[in-house]
Amino acid sequence: MNPVLTLPAPAKLNLMLHILGRRPDGYHELQTLFQFLDHGDELDFSLRNDGVVHLHTEIADVPHDSNLIVKAARQLQTLTGTTLGADIWLRKVLPMGGGIGGGSSDAATTLLALNHLWQTGCSEDQLAQLGLALGADVPVFVRGHAAFAEGVGEKLTPVELPEPWFLVLVPQVSVSTAEIFSDPLLTRDSAPIKVRPVLEGNSRNDCQPVVERRYPDVSNALNLLNKFTEARLTGTGSCVFGAFPSKAEADRVSHLLADTLSGFVAKGSNVSMLHRKLQSL
Ligand SMILES: C[C@@](CO)(OP(=O)(O)O)[C@H](O)COP(=O)(O)OP(=O)(O)OC[C@H]1O[C@@H](n2ccc(N)nc2=O)[C@H](O)[C@@H]1O
Ligand SMILES: Nc1ncnc2c1ncn2[C@@H]1O[C@H](COP(=O)(O)OP(=O)(O)O)[C@@H](O)[C@H]1O
């Protein structure tokens, strides 16, 4: 048995999300602030010499070849022409369709892991570009630093943010990103804003009113969390989050809400735990 490389795939939060307009291809121009959480999936990678990419873990409603992990691996094979393959296992922790980027993070971890295992020598720029074709959120996970993102999420300016503890509530609904971006009532004309006012807290999530209207469970979660701290939607949801000064305080509120809503407590981090682990290899 070949040695196994085990790496994390952390979640992200969109601390704010403004929609500036719609491009001719239908995609929306955004401004968003990404921070990572010390909480996520975990993947195991083992080298194969026959070029086969085999993900051994099935996830509900996602066929093997549509899984972003498999797609990422194959894209890297195509780009580099390597004849190597991999066996991959996934421990799925992050809720799907939750706006915390699980699929995108799995894809980014796969690109970085296999570039390392296959010794394909791609630069971070090349991997971020490859990742963008898989999803708008993949590049920030490849870069691994908290960032102010523009364009569709690919123009990244690294930022240093406070690293509070977050309580993330997980309403039991999966929100389709495409459905929210096609809603006629979505705000699409927010004025561009500079990083500084964003860091001073002058922001919101433009998707939130549309998601709240369509998903009462999300609206309930926001109302409940708002009783304790300012609550906000991440991405297109369904997850909502609030910041706390300590783990003890976040845990306390989590326990108070536990009968009504599931969730988890995790620390915000400006350097993703994937990159911290890679630096130690
Ligand atoms: C909104 C964000 C914010 O971080 O996160 P999530 O809530 O999905 O995690 C992302 O931009 C989501 O990125 P991602 O989840 O990769 O979206 P994609 O698969 O690329 O796009 C799904 C669909 O959403 C719409 N879409 C997505 C991104 C964007 N900037 N404009 C869009 O109009 C398009 O209709 C697209 O077909
Ligand atoms: N490895 C993966 N993990 C999660 N979802 C995946 C994966 N590969 C493909 N998908 C698909 O991507 C969709 C969005 O996944 P996810 O990243 O978890 O949500 P979000 O973009 O809301 O944060 C899923 O509903 C699923 O159909």
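Atoms within a ligand are numbered from 1 in the order they appear, just like the ligands themselves. Throughout, residue positions are numbered sequentially from 1 according to the sequence presented. Remember, predicted model here, so these are calculated numbers, not experimental data.
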Item to check | Crowding at CZ, Arg196 (>12 non-hydrogen neighbours, <6.0 Å) | outcome: no
Item to check | Evaluation steps, side-chain contact (heavy atoms from CB on, under 4.5 Å), between Val210 and Arg214 | outcome: CA-CA 6 Å; Val210 165; Arg214 285 173 172 262; 4.2 Å; yes
Item to check | Sidechain-backbone polar pair: Asp41 side chain, Ala9 backbone, donor-acceptor under 3.5 Å | outcome: no
Checklist entry - Does any N or O atom in His28 lie less than 3.5 angstrom from one in ligand 1, N or O only? => result yes
Checklist entry - Is there a donor-acceptor contact under 3.5 Å from the side chain of His255 to the main chain of Asp251? => result yes
Checklist entry - Got a salt bridge between Arg276 and Asp38, using NZ or NE/NH1/NH2 to carboxylate O under 4.0 Å? => result yes
Checklist entry - Would you say Asp106 has any N or O atom under 3.5 Å from an N or O of ligand 2, going by distance alone? => result yes
Checklist entry - Which of the numbered atoms in ligand 1 are below 4.0 angstrom from a heavy atom of Phe34? => result 4 (O)
Next on the checklist: What I want to know is whether Gly103 and ligand 2 share at least one N or O pair that is separated by under 3.5 angstrom.
Outcome noted: yes
Checklist entry - Hey, does Lys92 come in under 3.5 Å of ligand 2, counting only N/O atoms on both sides? => result yes
Next on the checklist: Within the structure, is a non-hydrogen atom of Gly153 found at a distance of less than 4.0 Å from ligand 1?
Outcome noted: no
Checklist entry - Is Thr57 reaching over with its side chain to a backbone N or O of Leu90, donor-acceptor style, under 3.5 angstrom? => result yes
Next on the checklist: Distance under 4.0 Å to a non-hydrogen atom of Asn14: what atoms of ligand 1 satisfy this?
Outcome noted: 3 (C), 4 (O)
Checklist entry - So, the side chain of His64 versus the backbone of Val70: is there a donor-acceptor pair under 3.5 Å, distance only? => result no
Checklist outcome for this item: Counting from 1 in the order shown, the ligand 1 atoms closer than 4.0 Å to a non-hydrogen atom of Val152 are 30 (N)
Next on the checklist: Going by a strict under-4.0 Å cutoff (protein heavy atoms only), does atom 4 (C) of ligand 2 have a neighbour on the protein?
Outcome noted: yes
Checklist entry - Looking only at atom types and distance, does a side-chain atom of Ser182 sit under 3.5 Å from a main-chain N or O of Ala178, one as donor and one as acceptor? => result yes
Checklist entry - What's the shortest distance from atom 11 (C) of ligand 2 to any protein heavy atom, and which residue and atom give it? => result Val62 CG2, 4.3 Å
Item to check | Worked check of side-chain contact (heavy atoms from CB on, under 4.5 Å) between Lys267 and Phe166 | outcome: CA-CA 6 Å; Lys267 194 163 194 313; Phe166 288 102; over 6 Å; no
Checklist outcome for this item: Quick note on ligand 2: atoms under 4.0 Å from a heavy atom of Asn67 include exactly 1 (N), 2 (C), 7 (C), 8 (N)
Checklist entry - Going by distance only, is there an N or O of Ala136 that falls short of 3.5 Å from an N or O of ligand 1? => result yes
Checklist entry - So which of Gly237, Ala9, Gly97 gets nearest to atom 15 (O) of ligand 2, if we judge by its closest heavy atom? => result Gly97
Item to check | contact_flag Val175 ligand 2 heavy-atom lt 4.0 Å | outcome: no
Checklist entry - With a 4.0 Å cut-off on heavy atoms, is Gly101 touching ligand 2? => result yes
Checklist outcome for this item: On a heavy-atom basis, the closest approach of Gly85 and Gln77 is CA-NE2, 4.0 Å
Checklist entry - Among Leu30, Leu68, Thr177, which residue places a heavy atom closest to atom 11 (O) of ligand 1? => result Leu30
Next on the checklist: Starting from atom 21 (O) of ligand 2, what is the nearest protein heavy atom, named by residue and atom, and what distance separates them?
Outcome noted: Thr177 OG1, 4.5 Å
Checklist entry - N/O of Tyr27 under 3.5 Å from N/O of ligand 1, yes or no? => result yes
Checklist outcome for this item: The atoms of ligand 2 lying under 4.0 Å from a heavy atom of Ile100, numbered in the order shown, are 23 (O)
Next on the checklist: Would Thr32 count as a contact residue for ligand 1, given that I'm defining contact as a non-hydrogen atom of the residue lying under 4.0 Å from a ligand atom?
Outcome noted: no
Item to check | Short side-chain to backbone donor-acceptor contact, Asp44 and Trp89, under 3.5 Å | outcome: no
Next on the checklist: Quick one, Leu7 with Leu112, criterion side-chain contact (heavy atoms from CB on, under 4.5 Å). Give me CA distance, side-chain angles, the key distance, then yes/no.
Outcome noted: CA-CA 10 Å; Leu7 290 173; Leu112 289 161; 5.7 Å; no
Next on the checklist: If I apply the N/O under 3.5 Å rule, does Leu68 come out as touching ligand 2?
Outcome noted: yes
Checklist outcome for this item: Per-atom filter on ligand 1: closer than 4.0 angstrom to a heavy atom of Gly26 are 33 (O)
Checklist entry - Taking the side chain from Thr234 and the backbone from Asn14, do they hold a donor-acceptor pair closer than 3.5 Å? => result yes
Next on the checklist: Suppose I only count heavy atoms of Gly235 and a 4.0 Å limit; which atoms of ligand 1 are within that range?
Outcome noted: 7 (O)
Item to check | For Leu17, the ligand 1 atoms whose distance to one of its heavy atoms is below 4.0 Å | outcome: 3 (C)
Next on the checklist: Under 4.0 Å from a heavy atom of Gly99: which atoms of ligand 2 are those, numbered in the order shown and with their elements?
Outcome noted: 20 (P), 22 (O), 23 (O)
Checklist outcome for this item: In terms of heavy-atom contacts, Cys207 and Thr236 come closest through SG-CG2, 4.0 Å
Checklist entry - Does Asp206 offer a backbone N or O that forms a donor-acceptor pair with the side chain of Thr187 under 3.5 Å? => result no
Checklist entry - Hey, which atoms in ligand 1 end up nearer than 4.0 Å to a heavy atom of Gly99? => result 7 (O), 9 (O)
Checklist outcome for this item: atom 25 (O) of ligand 2 has as its nearest protein heavy atom Met96 CE, 4.1 Å
Item to check | Proximity flag Ile180 to ligand 1, non-hydrogen atoms under 4.0 Å | outcome: no
Next on the checklist: Yes or no: does Lys12 have any heavy atom under 4.0 Å from an atom of ligand 1?
Outcome noted: yes
Item to check | Side-chain (Lys277) to main-chain (Ser272) donor-acceptor, under 3.5 angstrom | outcome: no
Item to check | Single-linkage hydrophobic cluster Ile88~Leu134, side-chain heavy atoms < 4.5 angstrom | outcome: yes
